[in-house]
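The structure appears right after this line, and notes come after that.
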Amino acid sequence: MRTDTPAPPFLDVLTIQDLMVEFPARGPLFSRRTLKAVNGVSLHVAPGETLGLVGESGCGKSTLVRTILGMNKPTAGTVAVGGRNLAGLLNGRRRQERARMQMVFQDPYSSLDPRMTVHEIIAEPLRINGQYTAAAVNRLLEQVGLTEAMGGRRPSEFSGGQRQRVGIARALALKPELLILDEPVSALDVSVQAQVINLLQDLQAELGLSYLFIAHDLSVVRQISHRVAVMYMGRIVETGPVADVFNNPQHPYTRALLSAAPVADPAAAASRQRIVLRGDLPDAANLPSGCSFRTRCPMATEACAAVVPQLLPPVPTQADFPVRPAHQSACLLVHS
Amino acid sequence: MSTTYTGPLLSVQDLTIEVRGDDGPVRLVDGVTFDVHQDEVFALVGESGSGKSLTVLAIMDLLPPGVRIASGRILFRGRDLAQLPEAEMRRLRGKDLAMVFQDPMSALNPLQRVGRQLAEAVKLHASGLNRKQTADKVHSLLAAVGVPDPQGRAASYPHQWSGGMRQRAMIAMAMAHDPGLLIADEPTTALDVTVQAQVMDVLAEARRRAGSAMILITHDLGLVAEAADRVAVMYSGRVVETAGVHQLFSSPAHPYTAGLLASVLGEGTAGERAFAIPGSPPAAAERPAGCAFQPRCHLGSGRDKCTAARPLLTLLPTPPSSAEGAAQPQGMAHPDGAAHPGGRAAACHFAGESTLQLLKGQPV
């Protein structure tokens, strides 16, 4: 129904190729600089798969999401949904295609209109697309663990976890294939986070959804993701199956990130080796030459200033923990 | 005074904080009791709305308008802060009692150079310093928290500082007079993981240098495990468990603590179904009778005792092998007689009954 020529099932739900997003920025005096928010990112999400996107603030995650949703224009590269490049489509058609992916926001307090009832909030996308029935809204409410009666209330009567369920129900209304979840549990209390994570996993199993799951909390990403991509200063520096990346991180940034995350075990905390990075993120309008991580990298050499490392599969080794081909990283030292 | 006083550095006793509501006062903090001793890091853990921030704001005498201490005592070096005149409190605040807030951007004045704001904090309790001495002190404070080029940075404005650097400046400000007690309210929640690690290190080092005790407020059990000596877990305005950090994580006595620990995600749970405590915390005005956690509890749900009577924080027997439990302070008796926050205590009618089973992932 959504498209007259349905995409073949084996195609990735989302394919991003060499995406670049640049913004003009002011330099000293009258000079102009370019801020490279997304600097050559390629990603794909398969049907039924969760790709976890990890990175700290300023790494370009949000710009990437905005560009996928068409709120920013890419400087170069493509975003394809179900194998179809969105940039090449006319507006009406592009809107149709874009309905195949929906967004769940971080803050369930500011992303729901306080004057609307929950029923109306979930009904809105259905009405816009002429698909509204009360039964459809009630089914969505039930799907996310809320009741029909709750639909008559306003968001202010709900707890944070319940509001996020409303946000998920709204995102599911148009039967998308892909949900983009931007920090969906980080505003929630610890005891409620697990409830929402479980709901997302149940919905994925039931509806065959794909997730692009963006979070800074590594334990949450590990819990829900099949694959992970680690982003630093606009680039993907490491990507691979979740267990590979977490158990055998290759890129020094990934290692530092994993080692910095506190572990809820006092005995392990005492003996743990932490890599504490020096300094802060570099200026995105004035990136260091070569590898943008080299200014904070504990292992950087002179060669790192000369070459921009590419995301590459591992070099075959005789190591005890061989790195699998799907596990790629962008570091000269890993590949030398 | 401190030479003769032998009790705990801080003793919060049966503290109740209220706000005016439509149907009479609402108890936001409901009889909180705990001690903090010299040199220790005491973590207050709880979800939003549990009352942990209000508790420390009451200690600092910084409660928002309309919110007041209804009863209880806050003894700092034996003196009741709740009874102290404002002028006396001002002499303590920023000197012997200091606080680091969650969001360094809103705690700093955006229109003033960072150095000037630090100088203000320095001069507040050391008015004899001249301009040069104050500047030197500011620069050494910034250097001590690892701010590179302190002279240059002091002359810049907060927006020119990164989040991690701003929080370092806040720590420098708090440590200006080597406080006896440092209160850190979610000091790294607004920061990224790698920066969080840096700031926690800076905080630990500054605290060690000054010999300050610290109350660390956080919802992050990972940070508790790494930084705290003892922990109080708060739920719906009440302390439900206090214990040494190792005890708390290895054998939580309160079912809420056990539930929180069981819902921690990690290597073991990846890809599996996560444990989740059902429901969500009650609003302060709708706190159920008896135990506030009872409707969500795997132990108490449906048991008469849990709905009938509010469980008091009660001292539990400590295994003799546990060194931290054995170190009992010789403080004053507590109002309810039984609860001694120096040891291991839980507010549950059925404390310890089957919490371990929950942690091992068995069905409950």
Side-chain angles (χ1 to χ4, degrees), chain A residues 50 54-59 158-162 185-199 201-202 216-226 242-243 246-247 253 256-270 272 274-281 296, chain B residues 45-50 148 161-165 188 190-198 200-201 218-228 231 235 244-250 256 259-267 269-283 296:
Chain A
T50 302
V54 182
E56 299 182 279
S57 47
C59 76
F158 286 76
S159 68
Q162 288 173 325
V185 298
S186 59
L188 305 179
D189 281 318
V190 187
S191 76
V192 179
Q193 283 191 359
Q195 295 174 7
V196 174
I197 295 285
N198 284 341
L199 171 67
Q201 285 178 325
D202 292 347
H216 70 280
D217 185 335
L218 296 162
S219 55
V220 171
V221 170
R222 184 178 206 167
Q223 180 72 23
I224 199 169
S225 304
H226 301 108
V242 66
F246 274 85
N247 297 334
Y253 176 64
L257 202 61
L258 291 177
S259 84
V263 176
D265 177 357
R272 204 156 60 88
R274 261 193 348 189
I275 308 168
V276 176
L277 292 178
R278 295 168 285 166
D280 292 310
L281 291 179
R296 300 175 76 197
Chain B
V45 187
E47 302 180 79
S48 49
S50 63
W161 291 50
S162 67
M165 283 294 152
T188 59
L191 305 175
D192 282 316
V193 185
T194 58
V195 180
Q196 166 173 287
Q198 295 172 350
M200 286 308 291
D201 282 358
T218 181
H219 64 276
D220 184 337
L221 291 168
L223 278 187
V224 174
E226 302 213 326
V231 189
Y235 183 79
V245 68
H246 290 278
Q247 270 187 333
L248 188 93
F249 280 82
S250 62
Y256 174 63
L260 273 189
L261 288 172
S263 56
V264 168
L265 306 173
E267 188 178 354
T269 63
E272 305 284 313
R273 202 172 168 78
F275 174 83
I277 303 176
S280 47
R296 304 176 70 190

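Proteins get letters first, then strands, A, B, ... in listed order; numbering begins at 1 in each.
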Heavy-atom cut-off 4.5 Å, strictly under: side chain, backbone, both or neither for [X] against chain B?
| X | value |
| --- | --- |
| A/Arg274 | side chain |
| A/Val242 | neither |
| A/Gln201 | side chain |
| A/Asp217 | neither |

Exercise for the section: Report the distance from atom CD of B/Glu47 to atom CG of A/Leu188, rounding to the nearest 0.5 Å. Expected result: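 Atom-to-atom, B/Glu47:CD and A/Leu188:CG are 10.5 Å apart.
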
Practice task
Report the distance from atom CG of A/Asp265 to atom CG of B/Leu221, rounding to the nearest 0.5 Å.
Solution key: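 If we round to the nearest 0.5 Å, A/Asp265:CG and B/Leu221:CG are 11.5 Å apart.
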
Problem - Donor on one side chain, acceptor on other, B/Ser280 and A/Gln162, under 3.5 Å - result: no

On a heavy-atom basis, which atom in [X] and which in [Y] lie closest, and how many Å separate them?
| X | Y | answer |
| --- | --- | --- |
| B/Asp192 | A/Ser57 | OD2-OG, 2.5 Å |
| A/His216 | B/Val193 | O-CG2, 3.9 Å |
| B/Pro278 | A/Gln195 | C-NE2, 3.5 Å |
| A/Pro262 | B/Gly222 | CB-C, 3.4 Å |
| A/Val263 | B/Ala225 | O-CB, 3.4 Å |

For each of [options], tally heavy-atom pairs with chain A at distances under 4.5 Å, and name the one with the top tally.
| options | value |
| --- | --- |
| B/Ala283, B/Pro148, B/Gly279 | B/Gly279 |
| B/Leu191, B/Val264, B/Thr194 | B/Thr194 |
| B/Gly164, B/Gly49, B/Ala227, B/Ala276 | B/Ala276 |
| B/Ser48, B/Gly46, B/Ser263 | B/Ser48 |

Under a 4.5 Å heavy-atom cutoff, which of [options] has the most pairs with chain B?
| options | value |
| --- | --- |
| A/Leu277, A/Asn198, A/Val276 | A/Asn198 |
| A/Ala269, A/Pro266, A/Ser219 | A/Pro266 |
| A/Val196, A/Leu218, A/Asp189 | A/Asp189 |
| A/Ile224, A/Ile275, A/Asp202 | A/Asp202 |

